[in-house]
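Below: the structure, in structure tokens.
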Amino acid sequence: MAEEKLNVHLIDHPLIQHKLTLMRQKTTGTKDFRELLEEISMLMAYEITRNFPLKDVEIETPVAKCKGKMLAGKKVGVVPILRAGLGMLGGVVNMIPAARVGHVGLYRDPETLKPVEYYCKLPSDVAERMLIVVDPMLATGGSSSAALTLLKEKGAKSITLMCLVAAPEGIRLVNEEHPDVPIYVAAVDDHLNEKGYIVPGLGDAGDRIFGTL
Ligand code: URA
């Protein structure tokens with residue numbers, strides 16, 4: 001990528017990089033693709049939550065009383081952007097089982113080419129939660145950015161965007177329109193092609209997750 005400073009965090013753990021390379025291969029079938037995406041999502045959630053605040057608690061083990069640590073910060077909400085975001089949901093909620101889940105669905109209007117909301121269902125206390133929005137492919141950034149705008153309109157105050165693969169174009173757009181939203185990715189690829197696919201990317205993530213190729 002060029003030298004410009006983008007607000008993006010690359011999670012380049014060796015396990016994630018290895019699994020992502022398997023996902024990219026065109027010979028990887030739906031079952032393996034889905035499992036790998038879930039595993040990577042767990043590992044990314046583990047990294048994203050690294051700085052979550054803790055509080056001291058008094059507990060009693062079968063042997064003795066002692067002090068322990070428990071999560072103390074805001075409660076979490078996970079919001080997959082339909083449909084490919086669903087492929088990352090299981091991994092995140094495996095790591096954060098108490099998280100509430102919202103869903104956002106957007107389609108691109110063929111005339112205006114603008115994203116249009118067709119589904120939005122969020123936890124009622126969305127304003128109090130730290131939202132992790134999940135969408136595997138950050139391509140143009142148009143739908144992710146529109147989803148972030150929608151979530152803010154519904155009251156969200158704290159949002160993190162978690163993607164698997166991003167194009168520089170998508171990061172730039174989300175950074176411009178939502179400078180308050182940190183983006184976490186497992187890879188920043190080269191560019192978008194004329195059909196809007198990330199190059200080299202991994203193809204259509206939704207089709208590969210759901211076997212609708
Ligand atoms: N969405 C995908 O699933 N893949 C891309 O490469 C771009 C957008």
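Just follow the structure's listing: the first ligand is 1, and inside any ligand the first atom is 1.
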message = Treating Q17 as the side-chain partner and A186 as the backbone partner, does any N or O pair qualify as donor plus acceptor under 3.5 Å?
response = yes
query = Hey, does G203 come in under 3.5 Å of ligand 1, counting only N/O atoms on both sides?
reply = yes
task = Within a distance under 4.0 Å of any heavy atom of G196, pick out the atoms of ligand 1 and give their elements.
result = 7 (C)
NZ/K75: more than 12 non-hydrogen atoms of other groups inside 6.0 Å = no
query = Is a side-chain donor or acceptor of T149 paired with a backbone partner of S145 at a separation under 3.5 angstrom?
reply = yes
task = Please confirm whether the backbone N or O of I209 pairs with a side-chain atom of R34, one donor and one acceptor, at under 3.5 Å?
result = yes
query = Quick check: does M137 get an N/O under 3.5 Å from an N/O on ligand 1?
reply = no
query = Going by the order shown, which atoms of ligand 1 are within less than 4.0 Å of some heavy atom of I198?
reply = 5 (C), 6 (O), 7 (C)
ask   = Any idea which protein heavy atom is nearest atom 8 (C) of ligand 1, and the distance to it?
value = A139 CB, 3.7 Å
Residues V79, V126; criterion side-chain contact (heavy atoms from CB on, under 4.5 Å); working and verdict = CA-CA 10 Å; V79 183; V126 71; over 6 Å; no
key: Numbering as shown, the atoms of ligand 1 that approach A205 to under 4.0 Å (heavy-atom distance)   = 2 (C), 3 (O)
